[in-house]
Amino acid sequence: MSKIIINGNKELTGEVKISGAKNSAVALIPAAILARNKSIIYNVPEISDIDYLLNIMELLNCKIEHKNDSLIIDSSNIINKPIPEELSVQMRASYYFMGVLLAKFGKVEISFPGGCNIGARPIDIHIKGFEELGAKVEIVKNRYTITAEELKGKKIYFDFPSVGATINIMLAAVGAKGTTIIENAATEPEIVNVASFLINMGVKIRGAGTKTIEIEGTKELDNGVCEVFPDRIESGTYIIIGALLGKDLKIKGIIKEHIEALLMKLEEIGIKYKIENDTLTISKCDNIKSTYIKTLVFPGFPTDLQQPMTTLLTQAHGKSIIEETLYENRFKNTYDLNRMGAVTNVLSLNKLEIKGPRKLKGTKVIATDLRGGASLLIAGLIAEGTTEIENSEYILRGYGNVIGKLKSIGADVEICE
Ligand code: EPZ
């Protein structure tokens with residue numbers, strides 16, 4: 001188990017470069033299986049979730065070559081094998097192998113984790129989508145065997161605009177005969193990222209990024225080239241850090257349109273920033289106002305920034321309320337925030353109250369999930385004294401080279417196994 005140790009309250013200045021988006025990369029890598037034989041993916045983040053995925057790709061006999069921040073994936077000798085539980089339960093995004101192996105071979109066998117620390121997170125919308133396309137789904141405990149003599153395109157309505165299900169059904173629809181239309185699709189940037197990769201391979205897709213996506217089943221695909229979009233959640237996390245400790249801190253490689261909800265909220269609470277091209281410059285704000293935040297699907301306020309934002313609001317003047325509408329258990333970080341001196345109160349499964357400003361004091365804390373860990377990391381950076389974060393591997397799942405990046409802008413931070 002790794003532990004991050006922080007001596008807090010240092011002024012952070014200089015430049016930090018945003019890495020490729022975890023939630024795009026974990027879909028693009030399995031999608032490479034659909035290419036004729038070889039695909040290149042640029043700007044792949046160095047995070048542990050990618051390593052888990054590559055283990056599965058190698059199990060399926062795909063050849064992976066690393067070249068700087070790119071991956072060259074050769075799937076010409078791919079073998080469809082049951083994916084063992086110990087590999088597929090390590091991360092939720094292993095579910096993308098369902099869509100690609102169904103499209104490529106008409107069969108996939110994989111174990112899938114149940115809930116996690118932030119909620120039940122079922123995959124019923126994915127499964128219903130596969131069945132609508134003509135697949136047969138057998139579930140024994142958490143082992144899924146999905147087969148299809150022939151996938152046939154059709155119009156599918158999503159009861160909820162699930163990011164994962166939108167991508168998974170888009171992937172499966174590539175192998176279907178005819179046209180598939182997804183209504184009430186998710187519109188997150190990662191959908192557009194994956195669609196652009198498939199279009200590059202020769203798949204006709206229209207409407208990615210909107211509520212209605214049309215996919216033409218395509219037999220013979222070309223090879224694909226794509227670039228992972230910059231990580232909008234990593235961008236938001238460093239912007240929040242800059243608002244708390246920055247001195248002209250530069251965050252390079254952002255896409256403004258992907259973080260509008262956060263930027264509007266920061267302006268509303270008095271935080272100033274400047275954007276030139278793909279670089280945002282921000283300094284510590286001494287008079288942060290309290291606010292009300294409701295997490296929503298894109299382009300609303302992203303649930304993945306809810307926990308980092310909670311830490312920022314411990315420094316706001318007055319009472320803030322956060323309503324978490326995506327997950328039913330995403331306030332676990334507040335237990336340790338309160339032990340550091342914050343005053344937060346879980347009012348209900350999806351409502352949190354935060355009173356500030358409060359001086360935080362360093363202490364030993366435990367990360368419970370990826371973004372909860374990020375919330376504690378930010379708290380350690382602003383706290384007086386030393387903070388030790390146990391289970392820091394959660395943080396390494398979604399923040400590439402986080403220790404190196406923080407050190408490069410002046411943080412006093414170390415990681416030890
Ligand atoms: C993706 O998860 C992200 N993960 C999550 O980021 C992110 O929080 C989420 O999208 C929302 O933006 C990856 O992309 C790997 P959903 P996903 O399907 O696809 C319910 C992070 O910190 N739901 O849009 O699983 C589900 O329970 C992670 O980077 C169903 O009920 O999200 C949840 O309440 C955390 N049935 C809501 O929808 C389904 O079949 C959102 O889920 C699918 C989802």
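Only this structure's heavy atoms are used, side chains among them; waters, hydrogens and symmetry mates stay out. When a ligand or atom number is given, it counts from 1 through the structure's own listing order. Positions are given from 1, in the same order as the sequence printed here.
Less than 4.0 angstrom separates some heavy atom of H126 from each of these atoms of ligand 1: 40 (O). Close approach of ligand 1 to I123 is summarised as follows: ligand atoms under 4.0 Å from at least one heavy atom of the residue are 39 (C), 40 (O).
The residues K136 and E131 are annotated as not salt-bridged, no charged nitrogen and carboxylate oxygen being separated by less than 4.0 angstrom. Using a 4.0 Å cut-off between charged side-chain N and carboxylate O, R397 and E393 make no salt bridge. Taking a cutoff of 4.0 Å between a charged side-chain nitrogen and a carboxylate oxygen, K364 and E390 do not qualify as a salt bridge. Salt bridge present: K3 and E388 bring a charged side-chain N and a carboxylate O closer than 4.0 Å.
Taking only non-hydrogen atoms, the option from V26, D231, I125 nearest to atom 40 (O) of ligand 1 is I125.
At most 12 non-hydrogen atoms from other residues, nucleotides or ligands lie less than 6.0 angstrom from OH of Y335. Within 6.0 Å of the CZ atom in R143, the count of heavy atoms belonging to other residues, nucleotides or ligands exceeds 12. The number of heavy-atom neighbours closer than 6.0 Å to NZ of K128, taken from other residues, nucleotides and ligands shown, is above 12.
Of all protein heavy atoms, the one closest to atom 34 (O) of ligand 1 is L326 O, 2.4 Å. In this structure, the protein non-hydrogen atom closest to atom 26 (C) of ligand 1 is R121 CA, 4.2 Å. Of all protein heavy atoms, the one closest to atom 6 (O) of ligand 1 is D304 OD2, 2.9 Å. Annotation: atom 22 (O) of ligand 1 to nearest protein heavy atom, R371 NE, 2.9 Å. Among all non-hydrogen protein atoms, the one lying nearest atom 31 (O) of ligand 1 is P122 CG, 3.4 Å. Here the heavy atom of the protein found nearest to atom 9 (C) of ligand 1 is Y327 OH, 3.3 Å. Nearest protein heavy-atom neighbour of atom 41 (C) of ligand 1: F160 CE2, 3.7 Å. Considering only non-hydrogen protein atoms, atom 16 (P) of ligand 1 sits nearest to V163 N, 3.7 Å.
Using a 4.0 Å heavy-atom cutoff, R330 is listed among the residues neighbouring ligand 1. Assignment of Y95 to the shell around ligand 1 is supported, since a heavy atom sits closer than 4.0 Å.
Looking at T303 next to ligand 1, no N or O pair under 3.5 Å apart turns up. For the pair K22 and ligand 1, the shortest N or O to N or O distance falls below 3.5 Å. An N or O contact shorter than 3.5 Å links G164 to ligand 1 by distance. Residue R92 has at least one nitrogen or oxygen atom sitting less than 3.5 Å from a nitrogen or oxygen atom of ligand 1, judged on distance alone.
A side chain to side chain donor-acceptor pair (under 3.5 Å) with E132 is found for one member of K154, K152, K155 and no other, namely K154.
In this structure, Q306 contributes its side chain and T295 its backbone to no donor-acceptor pair below 3.5 Å. In terms of modelled atom types and a separation under 3.5 Å, the side chain of N350 and the main chain of T325 share no donor-acceptor contact.
No side-chain donor from either of S320 and K355 sits under 3.5 Å from a side-chain acceptor of the other.
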